[in-house]
Protein chains: 2
Amino acid sequence: MATIKEIADMANVSRTTVSRVLNDSGYVSKDVRQRIMKVIEETGYVPSEHAKSLRTKKTKVIGVILPKISTETSSRLVAGIDDILSEKGYQILLANTNLDQEKELEFIKLLKVRQVDGIILTATNVNERLVQQINKTDIPLIVIGQEVDSVSNVLYDDYHAARAVVSLFIQKGHEAISFIGVDESDVAVGHLRKKGYIDEMTQHGLTVEDTWIQKGIFDIESGYEAMKKIIETSTHTPTAIFAVTDRLAVGAINYLKEKGYQIPEDMAIAGIGASEISQYVNPPLTTVDYQNEAAGKAAAKLLIESIETNKKEPKKITLDYRLLVRDSV
Amino acid sequence: MATIKEIADMANVSRTTVSRVLNDSGYVSKDVRQRIMKVIEETGYVPSEHAKSLRTKKTKVIGVILPKISTETSSRLVAGIDDILSEKGYQILLANTNLDQEKELEFIKLLKVRQVDGIILTATNVNERLVQQINKTDIPLIVIGQEVDSVSNVLYDDYHAARAVVSLFIQKGHEAISFIGVDESDVAVGHLRKKGYIDEMTQHGLTVEDTWIQKGIFDIESGYEAMKKIIETSTHTPTAIFAVTDRLAVGAINYLKEKGYQIPEDMAIAGIGASEISQYVNPPLTTVDYQNEAAGKAAAKLLIESIETNKKEPKKITLDYRLLVRDSV
DNA sequence: CTGTTAGCGCTTTCAG
DNA sequence: CTGAAAGCGCTAACAG
């Protein structure tokens, strides 16, 4: 790997001058410029980003912290982020927490060390320590999916999306609607969606049996188990079931089919996420499209803006959702 | 951001000494070490990776070049790679070509500039220029999914997997088996799978009508179109259809259902990829599991080995595949 | 056991 | 228009 000095020597100029043509800064006479260009061309020289970063404090790298790398949500999000970022010459440094909250903290630190120009954090959870860590981070940072006051956020409208789903059931004449959620420590998916469900039910004067509300852990298997519990323990069997993710819904469908229920005749069902499988289960699953790719793009735009203008006031963007009504209701 | 010098001053020692405790190299007396530790603790100091990289020429970053970021294959692959890499303290710098071959070249360059310790390239295609670029890259590089002589490869056994699928059809009594492929410039998916199909047919003395072989472009839509062409243009309608990817197969299924064909009674069908939707289409799709996550792991291991031992001879790993026989045949 | 010195490759004043 | 010099933050001989 050649260095700027060698290029300078070969072109009989100083490093400074080479640097100038490299960065299009300051004046360089036409022939000197051409001479240098030629040498650069011939040697295939490219300046070291590290040396550059060391001086300029800029890296053109954005750290992206994900809870789980191989989910549809994550990959759509990253696709959206990359779409905007690559256009602006930034690259993504991945950080996968694998749902380990400790790692969120670690990675924020690590990304600081690597001097990334910005961080996009997809949080599943907000706790005191995380907020502290975020607050003492001087790098522009934006959080997707959970609300953190001090920084910019891109949020899904979990509360209203949940209400919309329940409202749909009610329109279709359902009154006994049960719910498969996740732990409420996940504010967005766990708490807000549940609140939406409860509020919508309450507003319509519908009662909710305790056993109608079950919890899973984001996978198909736990959706199956939750559904089983609802069916086995409820004195009054519901006619509709709202699962907070598509995977949970698919698990529920699996259980229902196994027990001979007809969907949607015996039991209507809906999820959230618009995952690809939601189209292919039988019957196709009613769900909510959160447009993760759009979220990724929005986050990336916000971040770049914040990097380039260097301004601080946090912005909050709440994204639209689309209710996808399909044959499962 | 504090620097090593400030820490040194605060602890009344030289930078060298601080560096020593940071890297656990050389001797440092117990109390000096503790004094330094304390200062580091209090200030929350972390050494700059850039300055470090500039000296050591190591970055603990691996560049991963992907053809498309938001596919199941990619995300599984990345999950596998990350699994191994993170364990060894490496991070992933993402490079998404979006199927633009030009970008593969660009990114190899860019990753060099960023001095990544190694590169994992998921290639869809091998052309002269790419091989050249790869050869003049001094950074350890491994290619997944396509064979490139000069470097280590992790390969799927496309040829035998294809034969296995066709062989399955033949066992089930099919003789008129048609094929939906992709362009053969993609050696692995396009060429080898087709060759496997042809060879297996030939070996069993089965003939193939020209119209039985159609091409798509990796999406569901084009699978639909290809299937349509086969049905509409063949004088002798086949009884089985082998699609080189699950998505193509799903497209084909959509067409067949639309036209009232019963699967597998009127038409058997199989794909490759073991994508999640393959389980949920109706009927569940027979497919081949390539275990992308294992491929990612294998690639990461190979790469780390090559980085740490600094040895050159390229290794070739061909992964196993598993035929997943489901109701579509 | 600890410090001095040099230098990684680049950009950026400041003088010509 | 061009160059000299300083320095970004760190590590690695080499001397003590």
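Naming convention: chains lettered A, B, ... in sequence-line order (proteins, then strands); numbering from 1 in each chain.
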Quick one: is [X] getting a side-chain N or O under 4.0 Å of the [N] phosphate, OP1 or OP2?
| X | N | result |
| --- | --- | --- |
| A:Ser14 | D:dG3 | yes |
| A:Lys5 | C:dG7 | no |
| B:Thr3 | D:dC8 | no |
| B:Lys30 | C:dC1 | no |
| A:Ser29 | D:dT2 | yes |
| A:Tyr27 | D:dG3 | no |

Report the distance from atom [atom1] of [X] to atom [atom2] of [N], rounded to the nearest whole Å.
| X | N | atom1 | atom2 | result |
| --- | --- | --- | --- | --- |
| A:Glu6 | C:dC10 | CD | P | 9 Å |
| A:Gln115 | C:dC10 | CD | C1' | 15 Å |
| B:Ile4 | D:dC10 | CD1 | C1' | 6 Å |
| B:Gln34 | C:dC1 | CD | P | 14 Å |
| B:Ile7 | C:dT2 | CD1 | P | 17 Å |
| B:Arg55 | D:dT11 | CZ | C1' | 4 Å |
| A:His50 | C:dC10 | NE2 | C1' | 13 Å |
| A:Lys57 | C:dT12 | NZ | C1' | 13 Å |

With B:Asn127 as reference, evaluate B:Glu104, B:Gln132, B:Gln101 under the side-chain hydrogen bond (donor to acceptor under 3.5 Å, both in side chains) test and give the passing residue.
B:Gln101

NZ/A:Lys109: more than 12 non-hydrogen atoms of other groups inside 6.0 Å:
no

Rounded to the nearest 0.5 Å, what's the gap from NZ on A:Lys57 to OG on B:Ser48? Could you check?
6.5 Å

Is [X] salt-bridged to [Y], cutoff N-O under 4.0 Å?
| X | Y | answer |
| --- | --- | --- |
| B:Glu72 | B:Arg76 | yes |
| B:Asp9 | B:Lys5 | yes |
| A:Lys38 | A:Glu42 | yes |

Give a yes-or-no answer on whether the side chains of A:Asp117 and A:Thr59 include a donor-acceptor pair shorter than 3.5 Å.
yes

Of all of residues 15-24 of chain A, which get a heavy atom below 4.0 angstrom from DNA chain D, listed by number?
A:Arg15, A:Thr16, A:Thr17, A:Arg20

Could you give the side-chain donor-acceptor pairs of residues 60-70 of chain B under 3.5 Å, partners two or more places apart or in another chain?
from    : atom 1 : to      : atom 2 : distance (Å)
B:Lys60 : NZ     : B:Lys88 : O      : 3.4
B:Lys68 : NZ     : B:Asn98 : OD1    : 2.9

Taking five pairs at each terminus, the helix from C:dC1-D:dG16 to C:dG16-D:dC1 shows an axis bend, to 10°, of 40°

Test side chain to side chain contact (heavy atoms under 4.5 Å, CB included) applied to A:Gln133 and A:Leu141, A:Leu121, A:Leu105, the passing residue
A:Leu105

